[in-house]
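Below is one structure; the comments refer to it alone.
Fair warning: this is a prediction, and the values are worked out from it, not measured in the lab.
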Amino acid sequence: MKSSGKFSYNVIMGAFAMATVLGLTACGNEKEEDGGTFITVNKDGSIQSEIVESFGEERYDKDELQSVILGELAVYNKKSENNITVEKVDMDGDNVVVKMTYEGSGDYAAFNKVNFYAGTPAGAEAAGFELNVVLSGVKDPNETVGKSDILAMENAGILITDVDESIVLGGKALYVSEGVETFSNGKAVRRLGEDKKLMYVIYSMK
């Protein structure tokens, strides 16, 4: 199923109330809880998201929800050469599950109207993200890197975002900005705190 638009996360949440976002466990395949939004950055640069939410209210219908999602997506994909795919809209017990794949982080950012970049440090700078930051080592917090160090990391990726969801990386977290928690042996991260401060994560791409 291919499609697009302004819908994204917000259109789904308009169809059923958003539950508290919860974390992930190892490798991003097992969830600590049943509800929430789960994001994966793949090694090929694509982004996968899965929204699992309660579908308890009788006034909602799965087919109608799917129709809304596909209709909104069609608008976006018409302009972006089908960069977003809806993999699944289905019921799992009392929950509805919506799985989507975005061709790149730029599509995820544009469609969901959030700051979201995953790619090379040079690409982040070219996209207009500020790299004049100090990041601390995951293994040794006393080890820090700055802009010049970050740009020199040709074999590393960088994640920059302000989303609150847990994110599974396409590698292991190496350096993070303040207020970032790593888990699942460094393969997943989440931003702590309620402010919308950007989260920076340098991760291995091998």
Here's a test for you: under side chain to side chain contact (heavy atoms under 4.5 Å, CB included), which of I150, V133, V134 qualifies with V145? I150
Assigning hydrophobic clusters by single linkage (Ile, Leu, Val, Met, Phe, Trp, Tyr; side-chain heavy-atom cutoff under 4.5 Å), is F183 placed with L135? no
If the test is side chain to side chain contact (heavy atoms under 4.5 Å, CB included), which one of V189, T40, I47 qualifies with I167? V189
Would you give the length of the straight line joining atom OG1 of T85 to atom CD of E103, rounded to the nearest 0.5 angstrom? 8.5 Å
Could you report the tightest heavy-atom contact between Y108 and S49, atom names first, then the distance? CE1-CB, 4.2 Å
dist D162:CG -> L198:CG (nearest 0.5 Å) comes out at 5.5 Å
Could you tell me whether K147 and E125 make a salt bridge, using a distance below 4.0 angstrom between a side-chain N and a carboxylate O? yes
For V201 and A173, work out which heavy atoms get closest and say how close. CG1-CB, 3.9 Å
Verify, without hydrogens or angle tests, whether S204 (side chain) and K172 (backbone) share a donor-acceptor contact under 3.5 angstrom. yes
So, does N42 use its side chain to make a donor-acceptor pair with the main chain of D44 at under 3.5 Å? no
Side-chain heavy-atom pair M199, T161 within 4.5 angstrom cut-off: yes
Closest non-hydrogen atoms of S46 and T101, given as atom of the first, atom of the second and distance, are CB-CG2, 4.4 Å
Do the non-hydrogen side-chain atoms of I158 and I202 ever get within less than 4.5 Å of each other? yes
Are there over 12 heavy-atom neighbours, none belonging to E178, within less than 6.0 Å of that residue's CD? no
With under 30° as parallel and over 60° as perpendicular, where do the rings of Y102 and F111 fit, or are they tilted in between? tilted
Can you tell me how far apart CG (D107) and CG (N112) are? Round to the nearest 0.5 Å. 10.5 Å
Between K99 and E50 (side chain of the first, backbone of the second, donor and acceptor by atom type, cut-off under 3.5 Å), is there such a pair? no
If you define the side chain from C-beta out and look only at heavy atoms, does anything of L174 sit under 4.5 Å from V138? no
Under 3.5 Å: donor-acceptor pair, side chain of S184, backbone of K187: no
Any salt bridge between D164 and R190, counting N to O under 4.0 Å? no
Nearest heavy-atom approach of E181 to L192 is OE1-CD2, 3.6 Å
In terms of hydrophobic clusters joined by side-chain contacts under 4.5 Å, are V176 and V163 together? yes
Do L159 and M205 share a hydrophobic cluster (ILVMFWY, side-chain heavy atoms under 4.5 Å, transitive)? yes
OG-CE distance between S148 and M153, expressed to the nearest 0.5 angstrom: 9.0 Å
Using side-chain heavy atoms (C-beta onward) and a distance below 4.5 Å, is L131 in contact with Y200? yes
Could you walk me through whether F116 and I39 satisfy the side chain to side chain contact (heavy atoms under 4.5 Å, CB included) test, starting with their C-alpha distance in whole Å, then the side-chain angles of each, then the deciding distance to 0.1 Å, before giving a yes or no? CA-CA 11 Å; F116 197 98; I39 303 170; 4.0 Å; yes
Of all the heavy-atom pairs spanning P121 and A156, show the shortest one and how long it is. CD-O, 3.4 Å
Is any side-chain heavy atom of N115 closer than 4.5 Å to one of I160? no
Minimal non-hydrogen separation, A118 against V41, with atom names: CB-CG1, 3.8 Å
